[in-house]
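Everything on this sheet refers to the single structure shown next.
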Protein chains: 2
Amino acid sequence: MTADEKPAVASTRLRKQGGVALWRQIADGIRQGIREGVLGNGERLPPETDLAERFGVNRHTVRSAIAALVQEGVLRAEQGRGTFIQNKERIVYPISKRTRFSRGIDGQARSTSGRMVDCLTEVASEIVATMLALDPKSPVVKLKSVSLADGLPLSSATSWFDSRRFEGIGKIYEKTGSITASLAHFGVEDYTRRSTTISARHADEIECRLLSLAPGAIVLVTKAINIDASGKPIQFSITRFVADRVELSVSPEEKLEAL
Amino acid sequence: MTADEKPAVASTRLRKQGGVALWRQIADGIRQGIREGVLGNGERLPPETDLAERFGVNRHTVRSAIAALVQEGVLRAEQGRGTFIQNKERIVYPISKRTRFSRGIDGQARSTSGRMVDCLTEVASEIVATMLALDPKSPVVKLKSVSLADGLPLSSATSWFDSRRFEGIGKIYEKTGSITASLAHFGVEDYTRRSTTISARHADEIECRLLSLAPGAIVLVTKAINIDASGKPIQFSITRFVADRVELSVSPEEKLEAL
DNA sequence: TTGAATTTGTCCGTATGTATT
DNA sequence: TAATACATACGGACAAATTCA
């Protein structure tokens, strides 16, 4: 280790002041260091023990600060390796009358892919039946999938289809990796989005596992209904986007119609 | 304390098992208790010391679990009072060509109000100038406001307007509490939304203070451009919604046009 | 392949501060 | 004022994952 290496973070010895908790002051210090560009994307933070010594606090106090920044998505901690600055560039995902997954993120990532996680036929819940305008307890196909961009998980989607109209859509999707192509296989030439609702919350355990997220990560949740040319609902889907990697864009129709 | 009070949470003595951290097991236990309705909305959790004893762990271990659930928005901790179950009902906020704040949440809350936080004239940043289609470094009015529903903060918005066209819009907004009314005062009969982008992240310190949020809370961030009848941008705004209280709805135009 | 060093993760115990009741 | 309950900070110990000689 060289003696004159640049200080990764300000090392001003902190003391209780102004009623602001020490761990908050440390978190702010690291956040500022990142904003000022002292620490670039992907770079490694000094070990917790070093930081503790520099700030003149216990290791646990530094850990509280780091934990908060991991929650915010500013840092990423890896056991045995270190703590790193987290890239925050987001892929823009357009939501419009003609929302299509592959079209949406086309060109923004070097590679995109989709993988089916699960597919089964079940009895429609009250919500699903309403969304698909089916009789209560109609059989529906439930299809769960994960999409990746540049090898990293981007979103996880659960879709429901009328089982009588789209029986076996899971197998088609498994082959094509595309909802649009799968629907076309059943004679759906075109479909449009009737409605989308958007909310945000922390990812639960299952989502963390499926999307390789740290506990406490945020997901952007969209619930959407797609309808065919005659206006009949054909797909109800709940998609959980990794909030750190995605920005949704509600664009005017004309732009995408031109495609 | 009565001897036969209902157990607020399962009190199975936990031990290291399956490689799952103790504090995670406890968090899952509490989460499950809420899902199963053992703990209702607003009810108080037993004190940390009690929980620690019941689970057979140190108080800090329980604190880790509670901290995670506070982050998730499941619980709310109040120093000196206790820890409570957090209400999670959301207000639906429609986003469409004719997005209007007051119209949007009308009828979903008993009362709504807006308050101006700050208003000043500044030189447009590169982004703001681009969004408003102004020459670089043009003077712009920056207006910051907070909206409440049923007395609780719902969102905080920062808007920019061309200072030459909308000079003094701050004073009008302060009186009317409505952007639509303020713009009408400057002869803008009608305006529509050109674009909206939506992302989610943790609230920063300033947002936590302004919106009365616990550190670690999530905000849904929308960036929007409104244009007048001739297509000229008149407002660029960044709105931070409290994610626990809001769900955005991208609705087809026809519905709101009918209003 | 092994094993030591490094680094983050979990848990315990204790003490003190601060807000509420 | 006193008791209660959450917040912060310190110290120590060991586990688990990674890296590297």
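Just so it is clear: chains get the letters A, B, ... in the order the sequence lines come, proteins before strands, and each one is counted from 1. If you're wondering where the values come from, they're calculated on a predicted model, not measured in any experiment.
For B:R81 and C:dT21, the shortest distance from a side-chain N or O to OP1 or OP2 is below 4.0 Å. Here A:R59 does not reach the OP1 or OP2 of D:dC10: none of its side-chain N or O atoms lies under 4.0 Å away. A close approach under 4.0 Å does occur between a side-chain nitrogen or oxygen of B:T83 and OP1 or OP2 of D:dC6. An OP1 or OP2 oxygen of C:dC11 is reached within less than 4.0 angstrom by no side-chain nitrogen or oxygen of B:N58. Close to D:dC10, at under 4.0 Å from its OP1 or OP2, lies a side-chain N or O of A:T61.
When the C1' atom of C:dC12 is taken as reference, atom CZ of B:F55 falls 18 Å away, rounded to whole Å. Spacing between atom CG of B:L22 and atom C1' of C:dG9 amounts to 12 Å, rounded to whole angstrom units. Rounded to an integer number of Å, the gap from B:Q79 CD to C:dG17 C1' is 8 Å. Residue B:I66 contributes atom CD1, which lies 16 Å from atom C1' of C:dC11 at whole-angstrom precision. Rounded to whole Å, the distance from CZ on A:R76 to P on C:dT8 is 13 Å. The distance between atom CD1 of B:I26 and atom P of C:dT10, rounded to the nearest whole Å, is 12 Å. Here the P atom of nucleotide D:dG12 and the CD atom of A:E48 are 16 Å apart, to the nearest Å. Following rounding to the nearest Å, B:R63 (CZ) and C:dG9 (C1') show an atom-to-atom distance of 18 Å.
Both A:E78 and B:A77 lie close to DNA chain D; mapped to their nearest nucleotides by heavy-atom distance, the more 5′-ward contact belongs to B:A77.
In summary, of the residues considered (A:L213, A:L154, A:I91), a side-chain contact (heavy atoms from CB on, under 4.5 Å) with A:V242 occurs for A:L213 alone.
Summary for the helix from C:dT2-D:dA21 to C:dT21-D:dA2: the axes at its two ends, each from 5 pairs, differ by 10° when rounded to the nearest 10 degrees.
The side chain of A:W23 has D:dA9 as its nearest neighbour among C:dC12, D:dC10, D:dA9.
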Review point. For A:S155 and A:T239, what are the C-alpha separation, side-chain angles and deciding distance, and is it a side chain to side chain donor-acceptor pair (under 3.5 Å)?
Key: CA-CA 7 Å; A:S155 69; A:T239 307; over 6 Å; no

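For A:E207 and A:R209, the salt-bridge test fails: no basic side-chain N is under 4.0 Å from an acidic carboxylate O.
Scanning atom types as modelled, no donor and acceptor separated by under 3.5 angstrom connect the side chain of B:H60 and the base of D:dA7.
In this structure, B:H60 has its ring center at least 6.0 angstrom away from the ring center of A:H60.
Ring planes of B:W160 and B:F236: parallel class, angle under 30° (limits at 30 and 60°).
Counting heavy atoms from C-beta on, the side chains of B:I198 and B:L248 come closer than 4.5 Å.
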